[in-house]
Protein chains: 2
Amino acid sequence: MQQGSDSSRAPGYEPAPTSSRALILDSIRSAGTLSRVELTQITGLTAPSVTALVRRLIDDGLVGEAGRGTSTGGKPRTLLQIRSAARYVIGVHLSYDSLTYVLVDYAGGILARWRRDGPGEDSDPEEVVERIATQTGELIERAGIDSTLVLGLGFVCPGPLIRNNGVASAPPMMARWVGFPVHRRLEERLGLPALLENDATAAAAGTRLTTRHDVSVMAALFMSEGIGSGLRLNGSIYQGAHGNAGEVGHICVQIGGPRCWCGSTGCLEAVAGPATVIAKARAAGLDLGSHRRTGIAAFAAIARLALTGDSRAEAIIKDSAAWLALGAQAITNMYDVQVLVLTGPAFAVAGTIYLPILQERILSSAFGRSVTTEVILDERGHDAAAIGAALMMLRSEHAVTA
Amino acid sequence: MQQGSDSSRAPGYEPAPTSSRALILDSIRSAGTLSRVELTQITGLTAPSVTALVRRLIDDGLVGEAGRGTSTGGKPRTLLQIRSAARYVIGVHLSYDSLTYVLVDYAGGILARWRRDGPGEDSDPEEVVERIATQTGELIERAGIDSTLVLGLGFVCPGPLIRNNGVASAPPMMARWVGFPVHRRLEERLGLPALLENDATAAAAGTRLTTRHDVSVMAALFMSEGIGSGLRLNGSIYQGAHGNAGEVGHICVQIGGPRCWCGSTGCLEAVAGPATVIAKARAAGLDLGSHRRTGIAAFAAIARLALTGDSRAEAIIKDSAAWLALGAQAITNMYDVQVLVLTGPAFAVAGTIYLPILQERILSSAFGRSVTTEVILDERGHDAAAIGAALMMLRSEHAVTA
DNA sequence: CCGACTTAGTTAGATCTGTGAATATAGTGC
DNA sequence: GCACTATATTCACAGATCTAACTAAGTCGG
């Protein structure tokens with residue numbers, strides 16, 4: 001079978017490791033250390049093939065041997081590991097509120113994590129590209145790594161995307177981003193390959209290393225300023241025909257429900273999203289610390305109140321959770337996943353309240369009972385999107401060539 | 001890359017053509033006739049490779065040359081076509097109401113279509129397997145084809161499945177089918193490979209030949225006695241982790257809604273499914289022809305009333321459509337498809353009423369406007385599931401070996 | 001109507017990937 | 001130290017698909 005070029009690739013997927021070389025690299029990366037025997041089992045290749053492929057990876061400096069395993073009565077396995085300093089990738093997550101950077105080494109380890117101010121109201125995309133370029137340079141410099149070893153940058157943001165052409169639609173406050181080809185501009189400005197993805201989709205890729213290896217079909221429910229989801233299949237990311245799969249935030253959960261910024265009514269995001277939670281909390285007169293607080297900071301304040309016994313805050317969040325459970329159920333019913341991970345900043349601060357309510361709805365349906373669908377909380381929810389962006393770049397074809 | 005064996009295959013998909021041989025066969029099949037040049041474009045293989053692969057297919061009697069195309073200034077293209085009499089497959093769709101058989105030739109053409117009584121209330125699966133075996137034999141005999149050329153049988157039925165282990169859950173009236181490994185029993189009884197699939201999933205495969213070739217991500221919304229959906233990606237069928245993907249009939253569209261047979265409440269199927277439509281029509285005192293009429297026959301009677309101007313019938317169906325539109329929107333938002341096909345017996349009789357209502361909701365959302373999601377009606381809705389069952393078998397590995 | 005041009009398809013040889021069988025390596029346990 | 005076992009490698013070969021050069025069968029213009 002022929003490997004399609006980037007431009008002619010069939011829609012639907014972000015490719016899973018396709019060459020055996022990439023598959024081996026990725027298997028070692030997600031396992032941490034792995035022997036050649038285990039690689040034969042995972043990849044389905046024969047021992048001689050694994051030997052040859054691994055040798056090339058070692059020659060290219062991408063993989064190293066890392067001691068011996070314990071013997072089980074014969075020669076002990078030689079452990080292989082990714083040479084983490086071989087290459088680096090950068091992940092950037094843009095939201096209204098904040099700009100999150102992660103610097104990830106070739107083994108998938110997180111070397112640095114920065115949070116900077118977001119673009120805010122009516123931002124000029126060109127100016128933000130400039131800022132990202134500068135801050136990316138600073139990040140590389142402060143980390144003290146060789147900038148020629150940086151493979152590329154994964155850029156993620158909320159909202160549906162037009163493939164290769166930027167953001168397709170955005171909340172009013174970020175209207176100027178619509179149609180702006182961020183990743184192309186970043187490529188030009190940085191001289192590095194850049195990849196554009198939806199934040200929720202990337203978050204599904206970001207939970208990759210934290211999820212058990214036997215899970216091949218999993219989804220992420222991502223809540224930041226908006227609500228989205230992503231699906232991961234055998235290591236590849238499902239993107240849909242136009243790169244907008246998983247738009248769970250804009251399915252209608254309430255006929256005749258409140259109007260959403262997207263133009264429709266009764267959207268999950270409008271009924272149960274963080275912005276709505278904040279609005280309800282303000283209306284109820286809850287003290288969110290500072291009147292200036294917006295977005296995740298305000299949502300976090302409400303979550304803290306709820307967790308420390310404020311029954312009004314608790315009721316507001318539990319109401320949100322009851323609706324969100326419908327979205328979670330839509331994900332599990334449509335995608336039939338083994339694991340649903342709750343991730344993103346909003347779950348990072350309020351996940352413990354949401355989790356049992358979502359679990360309950362999913363487990364209470366007959367289909368939930370006949371199969372095992374686990375719902376878990378991602379402990380790195382805050383940075384999941386940026387990490388996912390970096391990992392997607394790390395798994396791209398760019399990252400495999402010597 | 002290595003082709004996994006049937007048992008070790010990674011979950012998530014019914015495989016798309018994986019060998020170049022299968023890809024070529026399938027490309028010719030869906031195009032009707034195709035030249036070698038076009039095959040190089042579709043498959044991405046080079047001309048010499050296509051030549052060699054096609055020669056082997058011709059030698060094996062699976063493909064034949066079918067005259068010349070028109071010249072465009074050079075040597076005219078030699079047209080290739082599937083030798084339709086080379087092999088046959090059978091598709092069987094079981095529902096409560098009826099048992100639908102199709103006999104499909106190697107080119108995907110439908111040679112025969114039978115409808116027989118369904119298993120009905122409290123049926124004994126063993127007895128039904130026996131009936132299917134007998135009727136399958138009759139079908140082959142009456143069609144006058146060589147029974148040794150029959151490759152296998154695709155069997156589809158409603159409800160979520162446990163892979164390789166039969167039906168996982170079923171409406172009360174078919175409770176005895178739960179856990180019964182129909183396809184294994186059919187294999188034993190018929191001495192032919194059999195494949196078990198969900199009817200909605202198969203319907204997505206069944207629209208395969210009727211959908212344009214440039215559509216690589218499409219879904220089917222299937223309504224028979226229940227409501228389900230299936231997703232097709234680049235020719236492969238997405239099945240989910242447990243083979244239950246697309247269970248749109250049991251997502252909750254109405255918190256606190258009516259109880260569903262599945263144990264949950266507010267399920268799309270309970271709110272808007274044919275059974276509910278029939279119950280409402282009976283409650284409204286509509287004349288459905290015969291009091292005995294159940295299932296699709298009763299639903300068809302209501303559809304006829306609605307189409308001939310009965311405003312009460314029309315209101316009942318339009319109400320169903322308004323809810324179903326939520327399910328359709330969930331499909332398009334979650335899967336991000338190019339085309340959504342409405343199929344199955346219920347849409348075969350009432351599709352023209354449902355279509356505009358579903359179209360309107362999908363097109364009215366911002367995400368619908370920014371991308372092109374077509375909603376169309378399958379004119380072969382009645383037999384889509386059985387045809388899909390046959391085509392899935394036709395595209396399986398069994399159908400490629402000489 | 002004939003020769004240049006164009007497009008379709010074939011042949012032959014090279015390359016790349018991965019395989020099977022046999023062999024080398026490095027431990028354990030008696 | 002020797003038999004045993006599991007791990008890893010070597011080497012010759014098979015299959016798929018590629019590139020380059022060639023043949024086949026039309027159109028078109030003079």
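Both backbone and side-chain heavy atoms feed into the values below; hydrogens, waters and symmetry mates do not. Below, chains carry the letters A, B, ... as their sequence lines are ordered, and counting in each starts from 1.
In this structure, the CD atom of B/Glu65 is 12 Å from the C1' atom of C/dA8, given to the nearest Å. One can place CZ of A/Arg77 at 14 Å from C1' of C/dA26, the figure rounded to the nearest angstrom. Residue B/Leu53 contributes atom CG, which lies 8 Å from atom C1' of D/dA16 at whole-angstrom precision. When the P atom of D/dT7 is taken as reference, atom CG of A/Leu39 falls 13 Å away, rounded to whole Å. Nucleotide D/dA16 holds its C1' atom 14 Å from the CG atom of B/Leu23, rounded to whole Å. Taking atom CZ of residue A/Arg21 and atom P of nucleotide C/dC16, one finds them 14 Å apart after rounding to whole Å. In this structure, B/Arg56 atom CZ and C/dG9 atom C1' are separated by 16 Å, rounded to whole Å. What separates CG of B/Leu45 from C1' of D/dT19 is a distance of 15 Å, to the nearest Å.
With B/Asp60 as the partner, the salt bridge (Lys or Arg N to Asp or Glu O under 4.0 Å) test is satisfied by one option alone out of B/Arg21, B/Arg55, B/Arg83: B/Arg21.
Out of D/dA8, D/dT9, C/dG18, the shortest distance to the side chain of A/Ser20 is found at C/dG18. Comparing D/dA20, C/dT7, C/dT19 by their closest approach to the side chain of B/Lys75 singles out C/dT7. Among the nucleotides D/dT19, C/dT19, C/dT10, the one closest to the side chain of B/Thr46 is D/dT19. The side chain of A/Val37 lies closest to D/dT7, out of C/dT10, D/dT7, C/dA26.
Under 4.0 angstrom from either OP1 or OP2 of C/dT7 there lies no side-chain N or O belonging to B/Arg36. Contact annotation: B/Arg68 does not reach the phosphate of D/dA25 (side-chain N/O to OP1 or OP2, under 4.0 Å). Taking 4.0 angstrom as the limit, A/Thr78 places a side-chain polar atom (N or O) nearer than this to OP1 or OP2 of D/dA8. For D/dT9, the OP1/OP2 oxygens have a side-chain nitrogen or oxygen of A/Thr51 closer than 4.0 Å.
Note on A/Pro76: only backbone sugar-phosphate atoms sit closer than 4.0 angstrom, heavy atoms only; bases stay farther off. Residue contacts shown for A/Thr72 are limited to sugar-phosphate atoms, with no base heavy atom under 4.0 Å away.
In this structure, the separation between OG on B/Ser216 and CG on B/Leu233 is 8.5 Å, given to the nearest 0.5 Å.
Nearest-nucleotide assignment on DNA chain C puts the 5′-proximal partner with A/Ser49, out of A/Ser49 and A/Gly73.
Counted by atom type alone, B/Gln239 and B/Glu197 present one or more donor-acceptor pairs between their side chains at under 3.5 Å.
Annotation: cation-pi geometry not satisfied between B/Arg232 and B/Tyr238 (NZ/CZ under 6.0 angstrom from ring centroid, within 45° of ring axis).
In this structure, B/Val150 and B/Leu190 have side chains that are not in contact, with every pair of non-hydrogen atoms separated by 4.5 Å or more.
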